[in-house]
Amino acid sequence: MKGLILKDLYMMVKYFRNYLLILVVFLGVSLVQEDNLFFAFYPFLICGMIPVNLLAYDERSRWDIYCGTLPVTRDMVVSAKYLLGLIVQGVVFLVTALCQAVRFGLMETFDLESYLVLMSLMAMISLFSSSITLPFMFKLGVEKGRMAYYVMIFVICGGAGAAGFAFNEQLQATIPFGAVLALGVLLAAAVYALSWYLSIIFYRKRELH
């Protein structure tokens, strides 16, 4: 398992350096674009693409076939992608949380409730971004499963819209967003776990050519 994750990390360093620039740019823009939260959520879309693109490289190089000759199971191959996704999304989430804390701190009044609402929405989007895509990829292959990528974009855009809706002061005063968002984060974590399980089941049964 450790070797599979290291292999993917080395590939990330080699092939996805431009992603780092995109992440930095969007994080920077999110600090000045207070009314457009898409820039804050888009880095999670980028991170959600990384495991998918790694799968694409594996299929293109026939690594998935070669991997069958190694002392690793298909369950381990799937789990490595999901663990890597958690690592990348976790790092980006922490960096984004720090950047948003700086932005909120520079405001005249620091609104802890709004900050926690934003962080909860980001955690949900982070978990959903990979959950939606990976089961399709492991079941159908990268090329046939790319439609799930567009669904993921819709989820990110929907999350940005939901964030703007949640930041309405009147709604915050009438709806217990703390409890709702806590349940939302738990639901997103459950969906990620279900996605992980389904990907393992799909990949076990898939015929590789």
Side-chain angles (χ1 to χ4, degrees), residues 5 9 12 16 19-52 81-134 148-149 151-196:
I5 295 175
L9 286 173
M12 280 179 53
F16 302 141
Y19 280 26
L20 179 60
L21 176 61
I22 295 173
L23 291 174
V24 170
V25 170
F26 273 83
L27 285 174
V29 173
S30 70
L31 295 178
V32 297
Q33 290 286 338
E34 299 180 7
D35 297 330
N36 192 345
L37 294 175
F38 176 79
F39 293 98
F41 290 152
Y42 191 76
F44 297 108
L45 174 62
I46 295 293
C47 292
M49 291 170 55
I50 289 177
V52 173
K81 292 293 188 292
Y82 275 84
L83 288 172
L84 180 70
L86 285 177
I87 292 171
V88 174
Q89 298 276 23
V91 171
V92 172
F93 178 82
L94 291 175
V95 174
T96 303
L98 178 60
C99 291
Q100 292 300 321
V102 171
R103 180 175 74 84
F104 274 86
L106 294 176
M107 297 169 63
E108 294 182 0
T109 57
F110 180 82
D111 188 347
L112 179 60
E113 184 176 358
S114 295
Y115 176 74
L116 292 178
V117 167
L118 180 60
M119 291 302 100
S120 298
L121 287 168
M122 286 185 175
M124 292 167 59
I125 293 297
S126 176
L127 291 170
F128 278 130
S129 63
S130 296
S131 302
I132 295 171
T133 311
L134 287 175
Y149 167 73
V151 177
M152 183 171 63
I153 293 177
F154 176 79
V155 170
I156 297 294
C157 294
F165 184 74
F167 278 103
N168 184 292
E169 293 182 358
Q170 293 182 348
L171 286 174
Q172 289 188 13
T174 58
I175 299 176
F177 271 106
V180 172
L181 290 173
L183 290 175
V185 172
L186 291 176
L187 175 62
V191 170
Y192 193 87
L194 177 62
S195 171
W196 192 333

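For this chain, numbers begin at 1 and follow the sequence in order. All figures in this text were calculated on a predicted structure; none of them were measured in a lab.
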Participant: Test side-chain contact (heavy atoms from CB on, under 4.5 Å) on S195 and Y82 and set out the steps.
Facilitator: CA-CA 9 Å; S195 171; Y82 275 84; 2.6 Å; yes
Participant: To the closest 0.5 Å, what do you measure between OG (S120) and CG (L186)?
Facilitator: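 Answer rounded to 0.5 Å: 10.0 Å.
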Participant: Between L23 and P43, which heavy-atom pair has the shortest distance, and what is it?
Facilitator: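 Here L23 and P43 meet closest at CD2-CB, 3.4 Å.
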Participant: Closer than 3.5 angstrom, by distance alone: can the side chain of Y192 be matched with the main-chain N or O of S126 as a donor-acceptor pair?
Facilitator: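 Pair absent, no side-chain N/O of Y192 close to backbone of S126.
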Participant: Ignoring hydrogens, what is the shortest heavy-atom contact between G85 and P51? Give both atom names and the distance.
Facilitator: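 Scanning both residues, the minimum pair turns out to be CA-CG, 4.1 Å.
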Participant: In Å and rounded to the nearest 0.5 Å, what is the CE to OG1 distance from M49 to T133?
Facilitator: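 Between atom CE of M49 and atom OG1 of T133 there are 9.5 Å.
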Participant: Taking C-beta and beyond as the side chain, do F26 and T96 meet within less than 4.5 Å on heavy atoms?
Facilitator: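 With C-beta onward as the side chain, the pair stays apart.
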Participant: Of all heavy-atom pairs between L127 and A189, which one has the smallest distance, and what is that distance?
Facilitator: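 What the structure gives for the nearest pair is CD1-N, 3.6 Å.
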Participant: Identify the two heavy atoms, one from F93 and one from M119, that lie closest to each other, and give their separation to 0.1 Å.
Facilitator: CE1-O, 3.4 Å
Participant: Where is the tightest heavy-atom contact between M12 and V88, given as atom of each residue plus distance?
Facilitator: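 Scanning both residues completely, I find the closest heavy atoms to be CE-CG2, 3.8 Å.
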Participant: Look up atom SG in C47 and atom CG in L84, then write down how far apart they are to the nearest 0.5 Å.
Facilitator: 10.0 Å
